[in-house]
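Just below is one structure, and these are the notes that go with it.
Counting convention: from 1, in listed order, for ligands and their atoms alike. One-based numbering along the sequence shown.
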Amino acid sequence: MKVLVVDDSSTMRRIIVNTLARLGYKDVVQGADGEEGWKALQENPDIGVVITDWNMPNMNGLELVKKIRAEDKYADVPIIMVTTEGGKAEVITALKAGVNNYIVKPFTPQVLKEKLQAVLGVNEG
Ligand SMILES: [Mg+2]
């Protein structure tokens, strides 16, 4: 299963990709904004989960989420939003748009692990 990581910060992408590798998810595709993320999703039908930032140029994470959720074929692809927008209103907006789980920066590898397992339905262990 491939993981799509979308963030305009290359440092943040590296942190997420490294954390994913430590959790055993080594097949990762990256995008620097929503447009690149959307393109990567079209080109990689085996993407099983999307981890996206909110604030990005060109197409932001919320727009990407809405675009993904507008397509029936991606209905079962879980989306985790990783962002500094940790306010209650932002969380509700993201959830309403179709985000399955939410991580507020900064985060620990353990948090990413737990949220990932939650959306993938993986048991602890
Ligand atoms: Mg950003």
Worksheet item: side chain to side chain contact (heavy atoms under 4.5 Å, CB included) with N100: which of V119, I80, V49?
Response: V119
Fill in: Option passing side chain to side chain contact (heavy atoms under 4.5 Å, CB included) with T84 (candidates D53, V104, N55)
N55
Worksheet item: Can you tell me if D53 has an N, O or S atom under 2.8 Å away from the Mg ion (ligand 1)?
Response: yes
Worksheet item: Does N55 bring an N, O or S atom to under 2.8 Å of the Mg ion (ligand 1)?
Response: yes
Fill in: Closest approach of M12 to S9 (non-hydrogen atoms, all atoms of both residues)
N-OG, 2.9 Å
Discussion item. Working to the nearest 0.5 angstrom, can you tell me the gap between R13 CZ and I51 CD1?
Written reply: 13.0 Å
Discussion item. Quick check: of its N, O or S atoms, which one does D8 have closest to the Mg ion (ligand 1)?
Written reply: OD1
